[in-house]
Amino acid sequence: MSDLISMTLAEARDAIRAKKISSRELTGAFVSAIEKARPLNAFITEAGEQALTMADAADKRIAAGQIGALEGLPLAIKDLFCTKGVRTTAASKILGNFVPPYESTVTQNLWDAGAVMLGKTNLDEFAMGSSNETSAFGNVINPWRAKNSNVNLVPGGSSGGSSAAVAADLCLAATGTDTGGSIRQPAAVTGRVGLKPTYGRCSRFGVVAFASSLDQAGPMTKTVKDAAIMLKTMASVDAKDSTSVDIEVPDYEKLLEGGIKGLRVGIPKEYRIDGVPAEINALWTRGAEWLKAQGAEIVEVSLPHTKYALPTYYIVAPAEASSNLARYDGVKFGYRAEGVRDITDLYEKSRGQGFGAEVQRRILIGTYVLSAGYYDAYYSRAQKLRTLIKRDFEQAFEKCDVLLTPTTPGPAFGVGAKTSDPLEMYLQDVFTVTVNLAGLPGISVPAGLSENGLPLGLQLIGKAFDEATLLRAALAVETAADFKHSPAKWWSV
Amino acid sequence: MNAPIKNKLLKGETSEWEIVIGMEVHAQILSQSKLFSGASTTFGAEPNNNVSFIDAGFPGMLPVINEKCVEQAVRTGLGLKAKINLRSLFDRKNYFYPDLPQGYQISQYKDPIVGEGEVLIDLKDGESIKVGIERLHLEQDAGKSLHDQHPDHSFVDLNRSGIALMEIVTKPHMRTSEEAAAFLKKLRAIVRYLGTCDGNMDEGSMRADVNVSVCRVGGYDEFRKTGSFKTLGTRCEIKNVNSMRFIAQAVEYEARRQIEVIEGGGTIAQETRLYDSKLGETRSMRSKEEAHDYRYFPDPDLLPLEFEQSWVDAIAKTLPELPDEKKARFVKGGLSPYDASVLVAERELADYYEELAKGVDAKAAANWLNNEILGRLNRDGLSITDVPVSAAANNAIIQMISDQTISGKIAKDLLDIVWTEGGDPRQVVEARGMKQVTDTGAIDAAIEAVIAANPDKVEEVKAKPKLSAWFVGQVMKQTGGKANPVAVNAALKTRLNLPDEG
Amino acid sequence: MSVDKDTVRRIAKLARLAVPESRLEPMAGELSGIFQWVEMLCEVNVEGVPTMTSVVAQKLKWRKDDVTDGNQADALMINAPGGEDHFFVVPKVVE
């Protein structure tokens, strides 16, 4: 059984098409793996029974020769995507037992392609966090442990349940969402691939909003090829999302071939940041050498406003969030506080009790920066900086085709290690957040182990809507890194 | 603006005051579906039936704009002779209220779709004034809370939530309650001509908030000269004045209240007030008083609203003739400015008039419409759209009057007949012998013949005037029933020297 | 920019968040830390820089004026914490 669940998405797809395995067999293996892995707390809602029903339906279609792009392939879904008839929580108490009467476009695309849903994965509440420790459903444990240690580590965040599920072989692949690094950072610290597409590539319809101008759904997978396969199905032009872009979705898997000879890879000098461990910079240098060895041209580029990206993000994202989260008021759905005096009391208590500490902190930041007298100093200034940050990239891309950077400032850290100081936690996104602010695609590829035996990732950043080139470069890193490590399955003994 | 201001002053205890009025009108756009969702806009549906998950602010729902609503806003802007902005932005106005399900209203704040324009209004004394339009923007309507169904609960119906509104903001260019009412009437006429809003104030598809302030005499002219608000008083916003009649009352009340406060040594606080039509007074809305800070910012779910000038030009080509142009044409056709302005106030009335006046004297048609048709509609409690006699039929009556087929008096009887019984007026005139016989010679000859044959009857009728009916019958016989009985009666009376009633 | 306890109270009121009195002071400290860090944005000269309104070059999608949604009052109410006869119910609001 364990070889079934350790297959890549591409391998499983080919095995199903060759009728070597059935979707039911494969799905059953994952369902039982998920049950055994409960100590990781990767799932908020397991949907084993429904998964087997979906698998049977897929097997029937396979028998009838109707084979979709992801026919019969079991996936895990971040619990930020609304799934019709299946509880959707955003890892918050405020959504109560919300059962959406509708399906998100991204998940609908997956089911239309024949995929099977194993369950809804844990995350930081409303995707606000970098360690999956703000979830109202408890934190997620990283399947990885440091050398000679049994200390529990975080799986990154906010897509920590998805990253842990993919790392622990609890699904073939998972969906994530990325607002400031929430796909790439957790993928990096769990030794998996995480792709944040260009803003507008995947529809946001039916995805619980955190920060609308930054949120983007993407795949978390075992390999770059799997990411290409997943993206092809997740992405679409959606009439229900005004910010979804009218550009046809290419066949990313086919476009993976061809190598990177002549590809210009930019190394942004501002990404050498004080205090980042030497091993991160060493891995970065090695990555550049790998690409060079495969025929790429390495060029140094400058992104002068890099250091302003994180503070810019911590104005823009909370501002949008403070407004996006106003709809959680205890009136139409979700949690409503008991024993309230009047409508204001109902609002204040429902929201005060329903939102966790980090979400409340960000709502307060966002409310403050938009309030009268502060808008220009904060929000308006931040949106101007965003223009400058985007310009930096546009200028850099005149000299190169992709950028190579580290994904995170370090490997996975211990549970509780960074919860006392919000700023320290926010620094987790220092390499990833610029990409969201500029709306560009970025991917993290596992590239090696830290001194203490934990996975580290390298990030590649592409031009808008050029995921094809980005994936080709990522494949080159993946090939050279030849990352074959996997965590010991300590939870299922 | 340069008209004598005497009649625009309000007398207080110690001095005279000027009133300055501005308005914010919310006009519901005529469209099938809502501004950002595909739910229906039909009025009066079952509770929460015309609601999409977008209108109810459900998680993950996103707005997509209705092209018709954009077109209607542009059309209205053109009708207000206003600047159309080819690029505008949607902002979120953030506040909490049970009938605001998203926790924000999508509106336009800094960059509206329509900029400055103007509306010309006609006053009773013949004066015309221009009211400046500051802007028009698109926004979502809120739902409805029912507060009086239960002692402890309010009930929320989101059917109206998300319907497209145009908020039309005027400059403070009105000075009397009459001007304020005239402005709203004119604006209503314009949007109804354009087909962008049905102007139905009862159903709330047009709602006005009125800003009222008072200042010392001369303050307004100074404001118009300098553009500075310094010489104007502090304004109060009166919310949701939902009928033409209430506007005048609310303005009068509020202006007098402010004068009283100031003359009593107090100051006016800028606040929102509610007009209570039952008590005929305005009162402070405490619920709106708590510091509101709407935290406007561009809606990140939407991109800038952009379109080409050529699209605007194409819409401009489809604009109907508007009240001002129609009025000018009517005046040119011979109507007085006052008559013309009354007729163009309602597009249906103007259309009716135009058909009524085809080929006949304009003034005669207007008089017939005002005195006969509108009089009867008024009596029966009907509106021009319900008029039971078509404009063409009335046109025929007017033609029969003018070519003397029937007398003016008979024409009124004729209208009464077709009003209640229906039928073609010309046929009725034929069938009932209502034709006026102009050939009095024929009637007189017939009378002479009857007298000559019946001398004894002449003496009898002189004693008993009631017997004249016998003569009428004989004369009708003589003329083969073609004589007008009325005319015969009259001729007989003269010939036989009969008293008036007999 | 340092944020005091009263400011936190005011902002929490605007955001309709019941923040316990005992949390106001610590929250003021946390927010002050964040806003001091954000101050670095003031170093940048942003004069003449346009504010970003959309991160991708895309024209706003327009929808046809068709009725395609609604008629689902039951589905709308299934998650409602207070619902009666297809109305959402809240404590009485006084205007």
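Here is how names work: the chains are called A, B, and so on, in the same order as the sequence lines, proteins then strands, and each is numbered from 1. Treat the numbers as computed from the prediction; the structure is a model and nothing was measured.
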Exercise. Hey, which of B:Ser154, B:Pro300, B:Gly103 has the most heavy atom pairs under 4.5 Å with chain A?
Worked result: B:Pro300
Seminar exercise, completed: When the 4.5 angstrom heavy-atom criterion is applied to A:Phe205 and chain B, the contacting part is both
Exercise. Between A:Tyr199 and A:Phe465, is the ring centre distance below 6.0 Å?
Worked result: no
Exercise. Hey, which of A:Ser323, A:Gly206, A:Ala326 has the most heavy atom pairs under 4.5 Å with chain B?
Worked result: A:Ser323
For this session: Mind jotting down which residue pairs meet the salt bridge (Lys or Arg N to Asp or Glu O under 4.0 Å) criterion with at least one end in residues 337-348 of chain A? Sequence neighbours excluded, please.
Result: A:Arg341-A:Asp345, A:Asp345-A:Lys349, A:Glu348-C:Lys13
For this session: Run the ring-centre check on A:Tyr379 versus B:Phe297 and record whether the distance is less than 6.0 Å.
Result: yes
Problem set entry | Proximity breakdown for A:Ser322 and chain B, heavy-atom pairs closer than 4.5 Å | neither
Problem set entry | Choice from B:Gly60, B:Ala56, B:Gly38, B:Pro98 maximising heavy atom contacts with chain A below 4.5 Å | B:Gly60
Exercise. Using 4.0 Å as the upper bound for N to carboxylate O, is an ion pair formed by B:Asp55 and A:Lys332?
Worked result: no
Problem set entry | Note, B:Leu86 side chain near B:Val312 side chain (heavy atom, < 4.5 Å) | yes
For this session: Check each atom of A:Leu95 against the heavy atoms of chain B and say whether the ones under 4.5 Å are side chain, backbone, both or neither.
Result: side chain
Problem set entry | Winner by heavy-atom pair count (cut-off under 4.5 Å) against chain B, out of A:Thr88, A:Val207, A:Val331 | A:Val207
For this session: Using non-hydrogen atoms and a 4.5 Å limit, figure out which bit of A:Ser371 sits close to chain B: side chain, backbone, both or neither.
Result: both
Exercise. Can we call the ring centroids of B:Tyr95 and B:Tyr104 under 6.0 Å apart?
Worked result: no
Problem set entry | Contact origin within A:Phe126 toward chain B - heavy atom pairs under 4.5 Å | neither
Exercise. Relative to chain A, which segment of B:Asn94 carries a heavy atom at a distance below 4.5 Å: side chain, backbone, both, or neither?
Worked result: side chain
Exercise. With only heavy atoms counted, which part of A:Ala319 is less than 4.5 Å from chain B, the side chain, the backbone, both or neither?
Worked result: backbone
Exercise. Is any side-chain N of the basic residue among A:Asp79 and A:Lys120 closer than 4.0 Å to the acidic one's carboxylate O?
Worked result: yes
Exercise. Side chain, backbone, both or neither: which part of A:Asn324 has a heavy atom under 4.5 Å from chain B?
Worked result: both
Exercise. Can B:Asp157 and B:Lys144 be counted as an ion pair, charged N to O under 4.0 angstrom?
Worked result: no
Exercise. Non-hydrogen atoms of chain B under 4.5 Å away: do they reach the side chain of A:Ala239, the backbone, both or neither?
Worked result: backbone
Problem set entry | Heavy-atom contact with chain B under 4.5 Å, split by part of A:Tyr328 | side chain
Exercise. Considering only heavy atoms, which portion of B:Phe36 lies under 4.5 Å from any heavy atom of chain A: side chain, backbone, both, or neither?
Worked result: neither
Exercise. Any donor and acceptor pair, going by atom type alone, linking the side chain of A:Gln360 with main-chain N or O of A:Phe355 inside 3.5 Å?
Worked result: yes
Problem set entry | Name of the residue among A:Val359, A:Asp215, A:Thr177, A:Leu325 meeting side chain to side chain contact (heavy atoms under 4.5 Å, CB included) with A:Phe210 | A:Asp215
